[in-house]
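Scroll down for the structure; my scribbles are underneath it.
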Amino acid sequence: MDTAAYKVEVAKAFNRAAADYDRLGVRFFTPMGRRLVELAAPGPGRRVLDIGCGRGASLFPAGELVGPKGRVTGIDVAESMIEEVRAEASRLGLRHIEALVMDGEDPNLPARSFDRILGGYSIIFMPDAPAALGRYAGLLADGGRIAFSSPVFTSGTFPFLPPLFTELIPGELLRSLPPQWQPAELSQRFNSWLERPEDLRATMEKAGFTEVEIIDEPVDMVAASGETWVDWSHTQGMRLLWQHLSTEDAAALRTRLITALDELRDGDGPLSIEVPVRYVRGTVRR
Ligand SMILES: C[S@@+](CC[C@H](N)C(=O)[O-])C[C@H]1O[C@@H](n2cnc3c(N)ncnc32)[C@H](O)[C@@H]1O
């Protein structure tokens, strides 16, 4: 895979998604971001780096915990995400939050200058995440902690989507997509290190982390309707899937998903999908 071209594609997809990202009536990144910050537990005055901060699902809750004496730096490859974060921080008068356009795989930031590193569903987009983790260890002060989240990659299901979607999305549509979308048995996905807890632990330890914890916990994704969910899916990583489909295939998939998702609702009630999420924590001790 050409990793530079892949990153440009990711940045473009999230640039176009930024304006509506997680703002279309689906609750997912917001509760996941809050939980991640709870697990990272940055106290008042701490210095936090949020890698692939998006619109700030983790960054703003971290800003609350560290308070004005702390500092939160968000980085993202998608400029529009960074603009949204800056606008929100300025609207809220939060001067201890900064946001920078930067490749999170190799951040150009001073060594040992952070107490916490966060990565909410972002490290999974790094073509060589194990190497990036080693760099993150170098950015943490002694005793510093990383906490990141990822999907729970399960053999036989398509990554990034709740398992239920493996039945709803025809396999032939997904098989033409980039490798990170493929189930492990179909390709050598670059997220394979995250799949088995023993590989994940070994990767974290090799990168320089100890006290590694893997916490699998579902997030209850709630959407007003099937249509709301499908519209929202264009505003996050699944946009990469939509943009690979022909107009015809996209229209057919849209109808199929809306119908199937609405069948899961209790009458006019909201749609609720349990999404398995993996949170990983590790500490640097020198
Ligand atoms: C699924 S979003 C999650 C955003 C946010 N952390 C949240 O929880 O809402 C993934 C984010 O990672 C960013 N991203 C992907 N690859 C990146 C890279 N190499 N460096 C920095 N950011 C990256 C994307 O632009 C996007 O904003």
Side-chain angles (χ1 to χ4, degrees), residues 1-24 26-40 48-63 72-86 88 97 99-109 116-133 135-136 139 146-151 153 159-162 178 180-181 190-191 194 219 221 232-243 275 277-280:
M1 187 195 350
D2 176 344
T3 56
Y6 166 71
K7 279 188 190 172
V8 170
E9 189 185 14
V10 169
K12 271 195 198 155
F14 282 105
N15 266 326
R16 291 197 208 100
D20 290 327
Y21 183 79
D22 218 24
R23 295 292 184 278
L24 283 184
V26 176
R27 209 183 58 192
F28 177 62
F29 288 106
T30 303
M32 183 173 65
R34 284 207 166 267
R35 180 69 181 128
L36 183 65
V37 172
E38 239 172 67
L39 291 169
V48 179
L49 172 65
D50 185 5
I51 294 178
C53 61
R55 284 194 59 161
S58 308
L59 178 135
F60 288 105
V72 183
T73 305
I75 61 173
D76 203 292
V77 271
E79 287 158 40
S80 313
M81 291 291 191
I82 294 303
E83 281 161 21
E84 295 285 349
V85 169
R86 286 183 183 154
E88 179 81 351
I97 288 184
L100 308 166
V101 177
M102 196 181 284
D103 182 358
E105 190 155 33
D106 191 4
N108 182 16
L109 294 163
R116 296 288 183 271
I117 292 185
L118 306 170
Y121 256 48
S122 54
I123 291 171
I124 48 177
F125 290 97
M126 313 282 169
D128 191 359
L133 287 171
R135 294 181 200 115
Y136 302 159
L139 293 177
I146 190 169
F148 64 89
S149 62
S150 92
F153 293 109
F160 302 103
L161 293 170
Q180 72 275 18
W181 279 84
F190 56 60
N191 281 318
L194 271 164
V219 169
M221 177 190 271
W232 172 81
S233 72
H234 288 263
T235 73
Q236 33 93 348
M238 199 180 158
R239 189 182 183 95
L240 288 163
L241 183 154
W242 288 111
Q243 69 191 23
V275 183
V277 173
R278 173 160 289 176
Y279 300 92
V280 181

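Side chains are part of it too, since the values below use all heavy atoms of this structure and drop only hydrogens, waters and symmetry mates. Order of listing sets the numbers, starting from 1, for every ligand and every atom in it.
- Checking G119, A132, P107, S122 against atom 12 (O) of ligand 1, the nearest heavy atom belongs to S122.
- For atom 20 (N) of ligand 1, the nearest non-hydrogen atom from the set G52, G33, S149, G104 belongs to G104.
- For the ligand labelled ligand 1, residue S58 lies outside the 4.0 Å heavy-atom shell.
- Close contacts between ligand 1 and A78 involve ligand atoms 25 (O) [criterion: under 4.0 Å to a heavy atom].
- When only interatomic distances are considered, the shortest N/O to N/O separation between G120 and ligand 1 falls below 3.5 Å.
- Contacts between A11 and ligand 1, counted as non-hydrogen atom pairs separated by less than 4.0 Å, are absent for every part of the residue.
- The OG atom of S58 sits 10.0 Å away from atom CZ of R34, with the distance rounded to the nearest 0.5 Å.
- Contact annotation: the side chain of I75 approaches that of P107 to within less than 4.5 Å [non-hydrogen atoms, C-beta and beyond].
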Q: Give the C-alpha distance, both sets of side-chain angles, the deciding distance and a yes or no for salt bridge (charged side-chain N to carboxylate O under 4.0 Å, His left out) between R135 and E105.
A: CA-CA 8 Å; R135 294 181 200 115; E105 190 155 33; 5.3 Å; no

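- The shortest separation from a heavy atom of R55 to ligand 1 is not under 4.0 Å, leaving the residue out of contact.
- Each of the atoms 7 (C), 8 (O), 9 (O) of ligand 1 lies under 4.0 Å from some heavy atom of A57.
- Inter-residue side-chain proximity for V37 and R116 is flagged as unmet; no heavy-atom pair is nearer than 4.5 Å.
- Within the 4.5 Å cutoff, no side-chain heavy atoms of I124 are placed close to those of F148.
- Residues L100 and I82 fail the side-chain proximity criterion, which asks for heavy atoms closer than 4.5 Å.
- Shown in contact with M102 at under 4.0 Å from a heavy atom are these atoms of ligand 1, numbered in order with element: 20 (N), 21 (C).
- The contact set between ligand 1 and D103, taken as ligand atoms under 4.0 Å from a residue heavy atom, comprises 18 (C), 19 (N), 20 (N).
- The shortest N or O to N or O distance between M81 and ligand 1 is not under 3.5 Å.
- Any N or O atom pair closer than 3.5 Å counts here, and Y121 shares no such pair with ligand 1.
- In this structure the side chain of I51 reaches within 4.5 angstrom of the side chain of M126, judged on heavy atoms.
- In this structure, R55 CZ and T30 OG1 are separated by 9.5 Å, a value rounded to the nearest 0.5 Å.
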